[in-house]
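The block underneath contains the structure these notes are about, expressed in structure tokens.
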Protein chains: 2
Amino acid sequence: MHAVQAAPTPLSVAGLCKCLGDESRLSLLCLMGVDREVCVCDLVAALDAPQSTISRHLAQLRQCGLVVARRQATWMHYRVNDALPEWALTTIETLVNEAREQLGLQPLQGQCC
Amino acid sequence: MHAVQAAPTPLSVAGLCKCLGDESRLSLLCLMGVDREVCVCDLVAALDAPQSTISRHLAQLRQCGLVVARRQATWMHYRVNDALPEWALTTIETLVNEAREQLGLQPLQGQCC
DNA sequence: TTCCTATATTCGTATATCCGGATTTATGGA
DNA sequence: TCCATAAATCCGGATATACGAATATAGGAA
């Protein structure tokens, strides 16, 4: 009887907003959409920013619990965490929809891997 | 034919989230609710923090366009700006409702003035 | 093993943000 | 006019956050 995984701190409203309050992270969410899994290499290609910057922002989104990652060989696939509480999911959906228009970013079609 | 008021920059998603990503500002919105007008002195009393801190956060909420202020004699009354776009109003409502439970803050009843 | 590619992390630096005391501004009353 | 109160703004300092180059790690293939 032991924890398989560290108990994640429950998501705070301020924590969610801090995460969404950065244009790079918002862009990443726009590119992955709420129901799609995307590869990091596609994100790096789409957002011309250095790879380390993208990776750092993805790590922050992961730490907040907003996205989950899955490894497939050397590639990492990210998607929005659908186990988030209702209030967080609906907020993300609303804001990502609006941000897509503001930033002109459409969800990626799975391409690289 | 001249502008009566400076054209406000349209609210960006990241801008809204930055504003909501601070616990003090979130608390202020929880105390005023989405339909109530409250006096600064009540806000200062409710959130024990120095008056300058409260005033600074209110100014930021005003600059973002999230709240509007009305002067009545020496007192200032703040309320959520109901002219915000749909996506912003529904987001604020959802997040303020959740933050109220997380922070244990109920909307104020108009008391001081 | 060694090499190659994808991703993550480290590190130093630059910038942004938050804080609270002190001061200023605005208003009403004496 | 002068005074008192409410709120806004200024200021210096502390802390947090973002950045990108360099490096480390992980996995697959040869």
Side-chain angles (χ1 to χ4, degrees), chain A residues 9 12-29 31-32 37-79 103 108 110-113, chain B residues 6 12-29 31-32 37-79 103 108 110-113:
Chain A
T9 311
S12 73
V13 173
L16 171 66
C17 292
K18 268 196 249 261
C19 238
L20 299 180
D22 176 277
E23 218 161 88
S24 302
R25 287 189 291 273
L26 211 42
S27 298
L28 289 170
L29 291 174
L31 291 171
M32 62 180 87
E37 190 174 57
V38 301
C39 180
V40 173
C41 58
D42 288 331
L43 295 171
V44 172
L47 282 188
D48 86 325
Q51 176 264 329
S52 70
T53 294
I54 305 287
S55 188
R56 198 166 8 85
H57 283 302
L58 287 171
Q60 227 172 311
L61 289 167
R62 238 187 309 120
Q63 283 186 314
C64 259
L66 303 200
V67 303
V68 293
R70 179 179 68 86
R71 178 182 288 281
Q72 178 185 336
T74 46
W75 296 279
M76 292 293 282
H77 296 260
Y78 281 82
R79 55 153 50 246
L103 304 173
L108 294 173
Q111 15 223 31
C112 91
C113 27
Chain B
S12 74
V13 174
L16 170 66
C17 292
K18 269 196 248 263
C19 240
L20 299 180
D22 177 276
E23 218 161 270
S24 301
R25 287 188 292 273
L26 212 40
S27 298
L28 289 170
L29 292 174
L31 290 171
M32 62 181 85
E37 190 176 57
V38 301
C39 180
V40 173
C41 58
D42 288 332
L43 294 171
V44 172
L47 284 186
D48 86 322
Q51 176 264 331
S52 70
T53 293
I54 304 287
S55 188
R56 194 167 10 87
H57 284 302
L58 287 171
Q60 226 172 312
L61 289 167
R62 237 188 309 121
Q63 281 186 315
C64 258
L66 303 201
V67 303
V68 292
R70 180 179 67 88
R71 178 181 288 280
Q72 177 186 336
T74 47
W75 299 278
M76 294 292 284
H77 296 260
Y78 281 81
R79 56 153 47 246
L103 304 172
L108 293 174
Q111 18 222 31
C112 91
C113 29

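All values below come from the heavy atoms of this structure, side chains included, with hydrogens, waters and symmetry mates left out. So that the names make sense, note that chain A is the first sequence line, chain B the second, and so on, each numbered from 1. None of these values were measured; they are calculated from a predicted model.
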A:Thr74 meets the side chain to side chain contact (heavy atoms under 4.5 Å, CB included) criterion, sequence neighbours left out, with none
Residues at least two apart in sequence or cross-chain that pass side chain to side chain contact (heavy atoms under 4.5 Å, CB included) with B:Ser12, listed by chain then number, are A:Gln102, B:Ala14
All heavy atoms of B:Cys64 vs all of B:Gly15, minimum pair found to be SG-O, 3.8 Å
Taken in chain and number order and not counting sequence neighbours, the residues that satisfy side chain to side chain contact (heavy atoms under 4.5 Å, CB included) with A:Cys41 are A:Cys39, A:Trp75, A:Cys112, A:Cys113
So salt bridge (Lys or Arg N to Asp or Glu O under 4.0 Å) across residues 50-76 of chain A, not counting sequence neighbours, yields A:Glu37-A:Arg70
Between B:Leu47 and B:Ser24, the two heavy atoms sitting closest are CD1-O, 4.4 Å
From CD1 of B:Ile54 across to C1' of D:dA8 the rounded distance in Å is 13 Å
Taken to the nearest whole Å, CG/A:Leu58 to C1'/D:dA18 is 15 Å
Could you go through nucleotides 19-22 of chain D and list every protein N or O atom that sits under 3.5 Å from one of its N or O atoms, giving the distance for each pair?
from   : atom 1 : to      : atom 2 : distance (Å)
D:dC19 : OP2    : A:His57 : NE2    : 2.6
D:dG20 : OP2    : A:Thr53 : OG1    : 2.7
D:dG20 : N7     : A:Arg56 : NH2    : 3.0
D:dA21 : N6     : A:Ser52 : OG     : 3.3

Taken in chain and number order and not counting sequence neighbours, the residues that satisfy side chain to side chain contact (heavy atoms under 4.5 Å, CB included) with B:Val44 are B:Val40, B:Gln51, B:Ile54
Correct closest heavy-atom pair for B:Val67 and B:Leu58 would be CG2-O, 4.3 Å
5'-most to 3'-most nt of DNA chain C touching chain A (<4.0 Å, heavy-atom partner on protein side) reads C:dA6 to C:dT9
Heavy-atom closest pair (A:Val38 atom, A:Leu31 atom, distance to 0.1 Å) is CG1-O, 4.0 Å
>> Taking any heavy-atom pair under 4.0 Å as a contact, classify A:Glu23: base, sugar-phosphate, or nothing.
In response: nothing
Rounded to the nearest 0.5 Å, the CG atom of A:Leu43 sits from the CG atom of A:Leu108 at a distance of 6.0 Å
With five pairs defining each end axis, the helix from C:dT1-D:dA30 to C:dA30-D:dT1 comes out bent, to 10°, by 10°
Expected list for residues 65-78 of chain A near DNA chain D, using heavy atoms below 4.0 Å, is A:Arg71, A:Ala73, A:Thr74
Here the gap from B:Met32 atom CE to B:Leu66 atom CG, rounded to the nearest 0.5 Å, amounts to 9.5 Å
Taken in chain and number order and not counting sequence neighbours, the residues that satisfy side chain to side chain donor-acceptor pair (under 3.5 Å) with B:Glu23 are none
Interatomic distance, CG@A:Asp22 vs NE2@A:His57, rounded to 0.5 Å, equals 4.5 Å
